Q: 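Before I ask anything, let me first share the structure, which is written out below as structure tokens.
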Amino acid sequence: MTYIDSKEISKSYYEVLLVDSQASEAEIKASYKKLLLSTHPDKTGEYTSNNSITLMKEAYKTLVDPVLKAEYDESLTRTIQKQGFNLNGDGLDTYGLNEFDIEEDDEEAVVSCPRCQIAKGMVLSEENLAENGTSDGNGGYDIIVQCSSCSLWIKVKYYEEIETDSEDE
Ligand SMILES: [Zn+2]
């Protein structure tokens, strides 16, 4: 059994199983089944070379168990908040930071959730943007953020000209 250290994984379990964070149990099962079939030695393609079956099984086991899933979601949120997360955003809808409203007093960017519509469901602090984005190799950065109400994840693309007011120098 391979021990999987979440810090070493560049993809979330959702990305491993090619489902979004709101996928139902049935959707997760269907996608897992499809992926398992695609890992048959006769059909092994690019996907499998980057995603061990062990990891797929671990991801599946976690996401179909409501308790484990809740724990995983929480740890994923913590991981992202603490150190950023090198996600390639598979399965996530992408938004531009220009779709967010900038709240200058609180130094954060907010937008209502595209799924549950709650106002300011998605919040990105300047600190988050400055420290936790993942470079896309083209001068842009990607960061993912979760709705505080319905837990939907989205990916946000932004460029460096985020102005911070601090003039520490
Ligand atoms: Zn929401």
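We're numbering straight along the sequence, starting at 1. Order of appearance sets the numbers: ligands from 1, and atoms from 1 within every ligand. Treat the numbers as computed from the prediction; the structure is a model and nothing was measured.
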Q: With a 6.0 Å cut-off (strictly less than), is the heavy-atom count around CD of Glu127, excluding the residue itself, greater than 12?
A: no

Q: Among protein atoms, how many N/O/S atoms lie less than 2.8 Å from the Zn ion (ligand 1)?
A: 4

Q: Against Ile118, only a single residue in Cys150, Cys113, Ser112 fulfils side-chain contact (heavy atoms from CB on, under 4.5 Å); can you say which?
A: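 Output: one option passes, namely Cys113.
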
Q: Name the one of Ile154, Leu97, Asn128, Thr134 that satisfies side-chain contact (heavy atoms from CB on, under 4.5 Å) with Ile143?
A: Asn128

Q: Please test Tyr14 against Asp73 for side-chain hydrogen bond (donor to acceptor under 3.5 Å, both in side chains), starting from the C-alpha separation and ending with a verdict.
A: CA-CA 10 Å; Tyr14 296 103; Asp73 284 346; 2.4 Å; yes

Q: Decide if atom NZ of Lys120 counts as having more than 12 heavy atoms of other residues, nucleotides or ligands within a radius under 6.0 Å.
A: no

Q: Taking only residues at least two apart or on different chains, which pairs with a member in residues 27-37 satisfy salt bridge (Lys or Arg N to Asp or Glu O under 4.0 Å)?
A: Glu25-Lys29

